[in-house]
A.B. asks: 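Would you mind keeping the following structure in view while I ask a few things?
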Amino acid sequence: MHEMSVALSVVDQVEQAARARGALGVQHVHLDIGELAGVVSDSLRFCFGLACAGTLLEGSELVTRSVPGSARCAPCGRTWDTGMPPDMLCPDCRAAATELVAGRELRITEVRWAADTAAPGSPAQPATILEES
Ligand SMILES: [Zn+2]
């Protein structure tokens, strides 16, 4: 099953990173899934649960985000969402010389380590700080 090999690879990468930084566990793994990657996110989450068993990631949650397919026309430079199934013809000039610029990725975007939530009562760290200009 394709999803199982993806899940095993994600678990493997995160576990190596966890060991490298001495993390004790993992809370969340965020993964971008391209619409055209051929991965079913529900199925992947299920496989991820199985792949985590007995690793540092046991009990962690996989949070997936779908990335729409995007193509760029070489002759005119236009980019558009390909949709699914993908429409690879340029909507402007109908050229078929197009390049897929997004939609096939399987990318770990964020890992929340269990160690980050250290002592009980410590203030939560905001992920981003917005500054007034
Ligand atoms: Zn075009």
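Just so it is clear, the structure is predicted and the values come from calculations on it, not from any experiment. Numbers for residues simply follow the sequence, beginning at 1. When a ligand or atom number is given, it counts from 1 through the structure's own listing order.
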A.B. asks: On a heavy-atom basis, which atom in Ala23 and which in Trp113 lie closest, and how many Å separate them?
C.D. replies: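 For Ala23 versus Trp113, the nearest heavy atoms are CB-CE3, 3.5 Å.
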A.B. asks: Would you say the side-chain atoms of Glu15 pair up with the backbone N or O of Gln13, donor to acceptor, closer than 3.5 Å?
C.D. replies: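 Flag not set: sc Glu15 to bb Gln13 has no pair under 3.5 Å.
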A.B. asks: Can you run down the salt bridge (Lys or Arg N to Asp or Glu O under 4.0 Å) pairs that involve residues 52-69, sequence neighbours left out, and say none if there aren't any?
C.D. replies: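 Sorted result for residues 52-69: Asp32-Arg65.
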A.B. asks: Provide the full list of salt bridge (Lys or Arg N to Asp or Glu O under 4.0 Å) pairs with a residue in residues 68-89, sequence neighbours left out, each pair given once.
C.D. replies: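 Counting only pairs at least two positions apart or across chains, the salt bridge (Lys or Arg N to Asp or Glu O under 4.0 Å) contacts touching residues 68-89 are Arg72-Glu99, Arg78-Asp92.
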A.B. asks: Could you give the side-chain donor-acceptor pairs of residues 45-56 under 3.5 Å, partners two or more places apart or in another chain?
C.D. replies:
unit_1	atom_1	unit_2	atom_2	d
Arg45	NH1	Thr64	OG1	2.8
Arg45	NH2	Asp42	OD1	2.6
Thr55	OG1	Cys52	O	2.8
Thr55	OG1	Leu57	N	3.0

A.B. asks: Search all heavy atoms of Val67 against all heavy atoms of Ala102 and return the closest pair with its distance.
C.D. replies: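 Taking Val67 first and Ala102 second, the nearest heavy atoms are CG1-CB, 4.5 Å.
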A.B. asks: Around the Zn ion (ligand 1), how many protein N, O or S atoms are there at under 2.8 Å?
C.D. replies: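 Near the Zn ion (ligand 1), the number of protein N, O or S atoms below 2.8 Å is 4.
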